[in-house]
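Let me begin by presenting the structure, written as structure tokens, before commenting on it.
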Amino acid sequence: MRIATWNVNSIRTRVDRVVAFLERHDVDVLAMQETKCKDEQFPLERFKQAGYEIAHHGLNQWNGVAIASRVGLNDVQIGFEDMPGFGDPVAAEARAIGATCGDVRMWSLYVPNGREIGHPHYMYKLEWLERLRLDGAKWLAEDPLAQIALMGDWNIAPTDEDVWDMGFFEGKTHVTPPERDAFQAMIDAGFSDVVRPFTPGPGTYTYWDYTQLRFPKKQGMRIDFALCSPALAERVEGAQIDRDERKGKGASDHAPVIVDLD
DNA sequence: ATGTCAGCTTGAAGCTGA
């Protein structure tokens with residue numbers, strides 16, 4: 001089985017590219033982030049024609065997460081237990097959706113950006129990650145053999161190798177110790193980065209800012225991850241980052257990350 | 001931050017978010 005994750009940065013703008021990607025790579029399950037639309041605006045029919053079912057959660061033009069599957073799509077869950085909200089009034093955002101696809105419990109996750117160090121959104125990001133970790137640890141405690149894939153845009157570069165220039169990120173989010181600690185806590189809870197062994201760095205990224213010619217200059221960040229439970233990690237046979245999808249007109253600023261399971 | 005995007009408001013250009 002082949003699973004993947006991709007921050008598509010608007011599914012309505014990107015649907016042609018996304019469906020072509022699924023077919024080109026023969027992907028069974030895709031976790032999408034930043035669909036940027038409400039449920040009724042999601043281009044369901046295009047996926048259906050290609051043979052995929054969709055579970056989508058979108059509340060407005062911000063965030064939005066989805067799972068496309070051609071191997072079943074069951075027990076859909078919107079958000080996780082005690083997932084923090086944001087805003088005034090505080091409300092849950094469309095940042096997490098889970099579904100069982102074949103024998104894998106898939107999650108599409110869009111971790112809050114954080115905006116600036118010390119910003120309320122930064123505190124929200126850390127709290128969101130902590131609650132996700134607690135829920136994830138609980139799933140594994142309940143079933144140590146659970147096959148769980150936490151797929152998504154984590155908005156964290158876990159090591160200095162994961163950004164093009166640490167100097168540039170001084171005083172910025174995505175690289176701060178509290179964010180990195182929160183990411184490491186997911187690893188310590190039992191979810192491992194199954195892509196890195198197949199895509200070593202330095203210079204291996206999944207995201208390049210649209211501005212300043214970051215992509216042609218190879219100035220990116222590695223912030224999109226597939227974190228797998230122990231039982232699922234054992235099944236991983238390969239992984240790749242499809243950098244080609246960042247090329248050309250109409251590209252998302254993120255590249256898809258693909259994982260092969262036995 | 002924005003030599004870039006995307007979506008919304010609104011009726012051409014400004015705002016938010018990334």
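Worth knowing before you read on, the calculation uses all heavy atoms, side chains too, and leaves out hydrogens, waters and symmetry mates. All chains are named by letter (A, B, ...) in the order of the sequence lines, taking the proteins before the strands, and each is independently numbered beginning at 1. In this text the structure is predicted, and so the values were computed from the model without any measurement.
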Legend entry - Residues A:Asp28 and A:Arg2 bridged, charged N to O under 4.0 Å: no
Legend entry - Salt bridge A:Lys217-A:Asp165, side-chain N to carboxylate O under 4.0 Å: no
Within this structure, what is the [atom1]-to-[atom2] distance between [X] and [N], rounded to whole angstrom?
| X | N | atom1 | atom2 | answer |
| --- | --- | --- | --- | --- |
| A:Trp208 | B:dC5 | CH2 | P | 16 Å |
| A:Gln61 | B:dT9 | CD | P | 7 Å |
| A:Lys36 | B:dA18 | NZ | P | 9 Å |
| A:Asn155 | B:dG17 | CG | P | 15 Å |
| A:Glu170 | B:dA1 | CD | P | 15 Å |
| A:Phe169 | B:dA1 | CZ | C1' | 12 Å |
| A:Lys38 | B:dG7 | NZ | C1' | 11 Å |
| A:Gln219 | B:dG3 | CD | C1' | 14 Å |

Linked hydrophobic residues, [X] as query - side chain contacts closer than 4.5 Å:
| X | result |
| --- | --- |
| A:Val163 | A:Trp164, A:Met166, A:Phe168, A:Phe169, A:Val175, A:Tyr205, A:Tyr207, A:Trp208, A:Phe215, A:Met221, A:Ile223 |
| A:Leu134 | none |
| A:Trp154 | A:Phe80, A:Met83, A:Phe86, A:Trp107, A:Leu109, A:Val111, A:Tyr124, A:Trp128, A:Leu129, A:Leu132, A:Trp139, A:Leu140, A:Ile148, A:Leu150, A:Ile156, A:Phe183, A:Met186, A:Ile187, A:Phe191, A:Phe225, A:Leu227 |

Legend entry - Residues that A:Tyr52 engages under side chain to side chain donor-acceptor pair (under 3.5 Å), provided they are two or more places apart: none
Legend entry - Residues in side chain to side chain donor-acceptor pair (under 3.5 Å) contact with A:Glu81, at least two apart in sequence or another chain: A:Lys138
Legend entry - Any N/O donor-acceptor pair, A:Thr211 side-chain to B:dT4 base, under 3.5 Å: no
Inset, instruction - Nearest-nucleotide wise, let me know which of A:Arg14 and A:Glu116 is further upstream toward the 5' end of DNA chain B. - result: A:Glu116
Legend entry - 5' precedence on DNA chain B between A:Tyr210 and A:Tyr207 (nearest-nucleotide basis): A:Tyr210
Listing time: all N or O pairs from protein to nucleotides 14-16 of chain B that are below 3.5 Å?
none

Inset, instruction - With P as the reference atom in both, quote the distance from B:dC15 to B:dT2 in angstrom, rounded to an integer. - result: 14 Å
Inset, instruction - Indicate, with a heavy-atom threshold strictly under 4.0 Å, whether A:Tyr110 touches base, sugar-phosphate, or nothing. - result: sugar-phosphate
Legend entry - Side chain of A:Arg95 - closest among B:dG7, B:dC5, B:dA18: B:dA18
Legend entry - Residue A:Asn9, side-chain atoms from C-beta onward, closest of B:dA6, B:dA18, B:dG3: B:dA6
Inset, instruction - Check whether any side-chain nitrogen or oxygen of A:Thr13 sits under 4.0 Å from OP1 or OP2 of B:dC5, and answer yes or no. - result: no
Inset, instruction - Check whether any side-chain nitrogen or oxygen of A:Arg12 sits under 4.0 Å from OP1 or OP2 of B:dC8, and answer yes or no. - result: yes
